[in-house]
Amino acid sequence: MSSTRRQYPFHLIEPKWQRYWDQAQSFRAWNPGERLPAGHPFAVRHGLEGQQPSAAELPPKYYILDMFPYPSGAGLHVGHPEGYTATDILARYRRAGGFNVLHPMGWDAFGLPAEQQAVRTGQHPRTTTEASVANFRRQIKSLGFSYDWTREVDTTDPNYFKWTQWIFLQLYQAWFNPHTRRAEPLSTLPEPPELKTDADVRAYRDRHRLAYVSEAPVNWCPELGTVLANEEVIDGKSEVGGFPVVRKPMRQWMLRITAYAERLLQDLDTIDWSESLKEMQRNWIGRSEGAEVLFTVLAPAVDRPPSPADPAFALPVFTTRPDTLFGATYMVLAPEHPFLDAWLAQGLIPPDWPPGTPREWTGGAPTPREAIRQYREQCASKSDLERTELAKEKTGVFTGAQAQNPVNGQAIPVWIADYVLLSYGTGAIMAVPGHDTRDLEFAEKYHLPILQVVQPHDPATPWRGFVGNGLAVNSTGPHVSISGLPTPAAKRTITAWLESRQLGRAAVNYKLRDWLFSRQRYWGEPFPIVWIDGQHAALPEDQLPVLLPALDDYKPTPDGQPPLARADAWVRQPDGAQRETNTMPQWAGSCWYYLRYLAPDNRERLVCPAAEQYWMGTAPAPQTSAAVTPAPPPGTPPTHGGRPAPTPGVDLYVGGTEHAVLHLLYARFWHKVLFDLGLVSTAEPFFKLVNQGLILGEDGQKMSKSRGNVINPDDILVEYGADAFRLYEMFMGPLEMVKPWSTRGVEGVYRFLGRVWRLFVDEASETEFEQNCAAQPAQAPEFLGRIALNPGIVDAPPTAAQARTLHACIKKVTEDLDALRFNTAISALMIFTNEAMTWPAKPRSLLREFLVLLHPFAPHLAEELWAKLDAPRGGSPAALAYAPWPAYEPSRLVEDTLEIPVQVNGKLRDRIQVPAAATDADLERAALAAPKAQPFLAGKTIRKVIVVPRKLVNIAVS
RNA sequence: GCGCGCGUGGCGGAAUGGCAGACGCGCCAGACUUAGGAUCUGGUCCCGCAAGGGGUGGAGGUUCGAGUCCUCUCGCGCGCACCA
């Protein structure tokens, strides 16, 4: 393959233009108030040379963002450039459309792989990270993306993570006010009068912070030496490495994302994301509506009468089906439930099994107390993995206690079982085996009663295990009845009754948990927190950034202490305070990087408000300018006064589905906190989001080293060049689709670029060029400039047919780019090229417009040909990167005659030529006379003739 | 199990309810050539010499007309998974 002759000298063209763009800072994006240098093509295009335009004077903004990569040692794979190419094409298209485009790139460079290498080799993670970043930057630059490299960010740069730490302090100093539904400074937190001591006040405030300390059990991974977030645990194993994970209580920093559950859910309706992605976020948040119901624990051995009003006896449960309360035949607590300890202490657990307790309920233990102890021990020793694997067979034991159902006064046994989770709802359930699959399974195993309380609407459906809506039956108690009511009404009625008796209330629960934010690792942002006498305290802002100390050994200590605990001198402060030794998770830096791009060099602020408002689209709309009339971006929201309103937030964010919940939910959460605190001006960060589909290996399997089907972009670039690589990545199929790689496919688009090249250049002078290069390789760049234009290129006006070909191409490419249909846009460019190759005379003006259409896709080749096209006449009219996007003229698309298919009963029978101006009646007449249709009309009655103007005629006969 | 998405040539994929298979790959034939794994031209859904017939996972339905809309069904992919 490498012996084949190059289709065109991309190896000279591509570095040439990459150097040019770099030196000219062609893709620098300008903030409001910045001075635009004379001669910069953006300033020239918009008449702003040497000026300092305000937000209102700048053209409309377009913020197009890639998910920045974790720079791994392995370098780019072909999946990275897929999204990056799509956004680059859009960025170039929008520049041509007259927008001020912000298109930045950076590095999400904290993280586990660099740290694991440090553990293995003792090399500082900074060293490996820098090498990886340099390699990634080289690879990305070799693809010719139009990033504004002056805005490059790196999450491990102290000037960057200073602000990550600063944001953490804002979370630490804020609480969520449930009445305003916003984050507010702790100073607005009302302090209840019953708080007596300073310690009480302090504890109260600490309990309300958005960043707080928790002792709850966490997912501890001994192999990785760290705690993992729930999201990082898959089937009881670590997402990274697949190591076993166990539950272990540890002191951890948590972020109160649950306070934002409702807003994170509701605001999904305001953003333009794919339905499937929104659905994943909805599922993750997991809102469910129902009721909290108070059961009462019966305590024959205690002298007080049990009452739901007495907190010692109240047992609250959450249920989404309060209408099935009459069917509750037992209750279950999570084994770790703290109530159990209280009950044990208060004597609510009887000393002996109640008479008649079946042996299978006792777990073989002589007393309830012993049964509880044994079962709890058994659960604690199980890893999450075992819990999940054993999920098929539910287990549990009877506690010996009974509880009273508030709706009918019935006493039912209270169990503990690990199919009930402490962390959801109240950690306790009422079990309705008649109408809940899990309860049914459990009840069948332990022979607990199963009652029908819902009748399915379809009488043929068996009621046992029926979980849908129906009619309430057998649901009448001494004080309330819902029998006969349909499920929704039954829910409302019973909830209202419970509320009136103070036995329950309507309630909403979320699956979403607070975000476990600390890691027992080295290579992350240190917390801006110190501990004094066991109390945490914020470091003052002027002490940021908190830098990482130097270490010899990056391993965690065997007892789970983070590596930072080894840095004695760093941990111990002069005043006796001790630094927090956890670090932040990798998600922290990526939660806000899109904001840092807006003003990366600002030392005073996270982001300056003028830049933030301009780029996030909340600055006052620019004045209408006749010079700038950009096409509205895709998914444009309502217009203000006739011109497109700026999109709120990032206009387009492209990245992989692997971040569908984690990164995207965390970033939305931080953004909302910053919004509440007045630091940003939009409620959502990313207005439109698109997931690029995975690229599989040529064998249709996921690319992986072990399968040996990994494609390295560097190899493709050497062989075919960056333009061909970019083009192929987009030509494979729709951006969002999963699709297999095909190197043969690359050759196809490569040949297309070769045809474009030959459309523009003179064959004889190219042959000469090749001979010269072979003789004197060192002078190849010079010879490149001597290649002459194709002599067929003329300054004559285009024919109508030629103009039609171009304008059809403009129309298709424009519409396809607006809809992100890159594959069909490329096909339109191919159609134009194939057509233009046949023209003996090729009008220069048409070819020039074609290059504007081509340049977002194949920028290097387009720039080279653009320069060459006008070189004989003293150079190009303007820089291609800022040449205006051509508009298609509908009048140019009109044909004189149309070919109209004629159908009989919906089957194609003939095609007729008619003048474009033909009326419906003309069409009908011509169609009825169509020769090949005659045999199918003969002897038939014509019932109806459908004429689709300019499209088709269908004759219905009987 | 639940939720979401997708099924079209040998392959990747095109088709606002209106000529199914654009464009590309592969393949076949031809031209140029010392040569071709370069380039150019033509062909390429299936059956049929043709006329014609059949065809978008399968079965129904709506419509003058269905790859597209509706119902059922099968297959594949992704996500969640004891969340009460």
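We name chains A, B, ... by the order of the sequence lines, and we start the count at 1 in each one. Atoms considered below: every heavy atom in the structure, side chains included; atoms not considered: hydrogens, waters and symmetry mates.
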What's the NZ-P distance between A/Lys811 and B/U16, to the nearest Å? 11 Å
Could you go through the side-chain hydrogen bond (donor to acceptor under 3.5 Å, both in side chains) check for A/Thr743 and A/Tyr720 one step at a time? CA-CA 10 Å; A/Thr743 298; A/Tyr720 305 101; over 6 Å; no
Between A/Glu698 and A/Arg744, is there a side-chain N and carboxylate O pair less than 4.0 Å apart? no
B/G9: syn or anti, per glycosidic angle within 90° of 0: syn
Hey, what are the protein-to-nucleotides 41-44 of chain B N/O distances that come in under 3.5 Å?
none

Tell me: CZ of A/Arg321 to P of B/C82, nearest whole Å? 20 Å
Separation of A/Leu908 atom CG from B/G52 atom C1', in whole Å? 13 Å
Identify the pairs formed between an N or O of the protein and an N or O of nucleotides 7-13 of chain B at a distance under 3.5 Å, and give each distance.
residue : atom : partner  : partner atom : Å
B/G12   : O2'  : A/Met732 : O            : 2.7
B/G13   : O3'  : A/Asn823 : ND2          : 3.4

Please check if atom CZ in A/Arg282 has more than 12 non-hydrogen atoms from other residues, nucleotides or ligands closer than 6.0 Å. yes
In whole angstrom, give me the gap between the C1' atoms of B/G36 and B/C78. 46 Å
Comparing nearest nucleotides in RNA chain B, the 5'-proximal residue of the pair A/Ala828, A/Met280 is A/Ala828
Over 12 non-hydrogen atoms of neighbours within 6.0 angstrom of CD in A/Glu763: no
A side-chain contact here means heavy atoms from C-beta on lying under 4.5 Å apart; do A/Leu694 and A/Glu82 qualify? no
Of B/A84, B/U16, B/C82, the nucleotide closest to the side chain of A/Thr320 is B/A84
Can you tabulate the close N/O pairs, meaning under 3.5 Å, that link protein atoms to atoms of nucleotides 53-57 of chain B?
residue : atom : partner  : partner atom : Å
B/G53   : OP1  : A/Arg909 : NH2          : 3.4
B/G53   : OP2  : A/Arg909 : NH1          : 3.0

Just so I know, are the side chains of A/Ile429 and A/Asp436 near enough to count as touching, which here means a heavy-atom distance under 4.5 Å? no
Could you report the tightest heavy-atom contact between A/Glu292 and A/Pro316, atom names first, then the distance? OE2-CB, 4.0 Å
Could you measure between the two P atoms, the one in B/C11 and the one in B/C64, and give it in whole Å? 36 Å
Check the phosphate of B/G79 against A/Gln281, side-chain N and O only, distance under 4.0 Å to OP1 or OP2. Yes or no? no
On RNA chain B, compare the nucleotides closest to A/Ala428 and A/Thr657; which residue's is nearer the 5' end? A/Thr657
A/Phe822 CZ - B/A14 C1' separation (whole Å): 17 Å
Whole Å only: how far is the NZ atom of A/Lys491 from the C1' atom of B/A84? 12 Å
For the pair made of CZ in A/Phe752 and P in B/C40, what is the distance, rounded to whole Å? 13 Å
Salt-bridge criterion met for A/Glu729 and A/Arg726 (N-O under 4.0 Å): no
Would you name the heavy atoms of A/Ala314 and A/Leu294 that are closest together and state the gap between them? CB-CD2, 4.2 Å
So, using salt bridge (Lys or Arg N to Asp or Glu O under 4.0 Å) as the criterion, who are the partners of A/Lys842 when residues are at least two apart? none
So, are A/Lys394 and A/Glu444 salt-bridged, with charged N and O less than 4.0 Å apart? no
Protein-nucleotides 62-64 of chain B N/O pairs closer than 3.5 Å?
residue : atom : partner  : partner atom : Å
B/C64   : O2'  : A/Asn954 : ND2          : 3.4
B/C64   : O2   : A/Asn954 : ND2          : 2.6

Could you give the distance separating B/C69 and B/G5 at their P atoms, to the nearest angstrom? 12 Å
Using the side-chain contact (heavy atoms from CB on, under 4.5 Å) criterion, which residues pair with A/Thr897? Sequence neighbours excluded. A/Gln913
Would the number of heavy atoms belonging to other residues, nucleotides or ligands and lying under 6.0 Å from NZ of A/Lys907 be above 12? no
I'd like to check A/Met430 versus A/Val293 (side-chain heavy atoms, cut-off strictly below 4.5 Å). Are they in contact? no
Between B/G24 and B/C72, how many Å separate the two P atoms, rounded to a whole number? 41 Å
How would you list, by chain and number, every residue that makes a side-chain contact (heavy atoms from CB on, under 4.5 Å) with A/Ala443, sequence neighbours excluded? A/Tyr330, A/Pro433, A/Leu448, A/Ile450
Looking for any heavy atom pair under 4.0 Å, which part of the strands does A/Ser423 touch: base, sugar-phosphate only, or nothing? nothing
Between the side chains of A/Arg821 and A/Glu815, is the shortest nitrogen-to-carboxylate-oxygen separation below 4.0 Å, so that they form an ion pair? no
So the stems of RNA chain B, runs of at least three Watson-Crick or G-U pairs (under 3.5 Å), are B:1-7 with B:74-80, B:10-12 with B:23-25, B:26-31 with B:39-44, B:45-47 with B:52-54, B:57-61 with B:69-73
Just the rounded figure in Å: distance from C1' of B/G77 to NZ of A/Lys702. 11 Å
Decide whether A/Thr824 and A/Asp816 meet the rule of one side-chain donor and one side-chain acceptor closer than 3.5 Å. yes
With no hydrogens and no angle check, just 3.5 Å: does a side-chain donor-acceptor pair link A/Thr258 and A/Asp514? yes
Got a sec, which residues hit side-chain contact (heavy atoms from CB on, under 4.5 Å) with A/Gln7, two or more places apart in sequence or on another chain? A/Tyr750, A/Arg751, A/Arg758
Distance check, C1' atoms only: B/C46 and B/U8, in whole angstrom units. 14 Å
Expressed as a whole number of Å, how far does the C1' atom of B/G1 sit from that of B/G54? 41 Å
Rounded distance (Å) that lies between atom P of B/C78 and atom NZ of A/Lys278: 24 Å
What residues, two or more places apart in sequence or in another chain, satisfy side-chain hydrogen bond (donor to acceptor under 3.5 Å, both in side chains) together with A/Glu766? A/Trp757
Considering every strand and a 4.0 Å limit on heavy-atom distances, what is the contact class for A/Leu952: base, sugar-phosphate, or nothing? base
Is A/Ser288 near enough to B/A84 that one of its side-chain N or O atoms lies under 4.0 angstrom from OP1 or OP2? yes
If I pick the P atom on B/G9 and the same atom on B/U56, what distance separates them, to the nearest angstrom? 10 Å
Between B/A51 and B/A66, how far apart are the two P atoms, rounded to whole Å? 24 Å
If only side-chain N and O atoms of A/Arg758 are considered, is one of them under 4.0 Å from the OP1 or OP2 phosphate oxygen of B/C40? yes
N/O to N/O distances under 3.5 Å, protein versus nucleotides 25-34 of chain B:
residue : atom : partner  : partner atom : Å
B/C25   : OP1  : A/Arg751 : NE           : 3.2
B/C25   : OP1  : A/Arg751 : NH2          : 2.7
B/G26   : OP2  : A/Arg751 : NH2          : 3.0

Can you name the residues that form a side-chain contact (heavy atoms from CB on, under 4.5 Å) with A/Arg925, not counting sequence neighbours? A/Ala921, A/Asp922
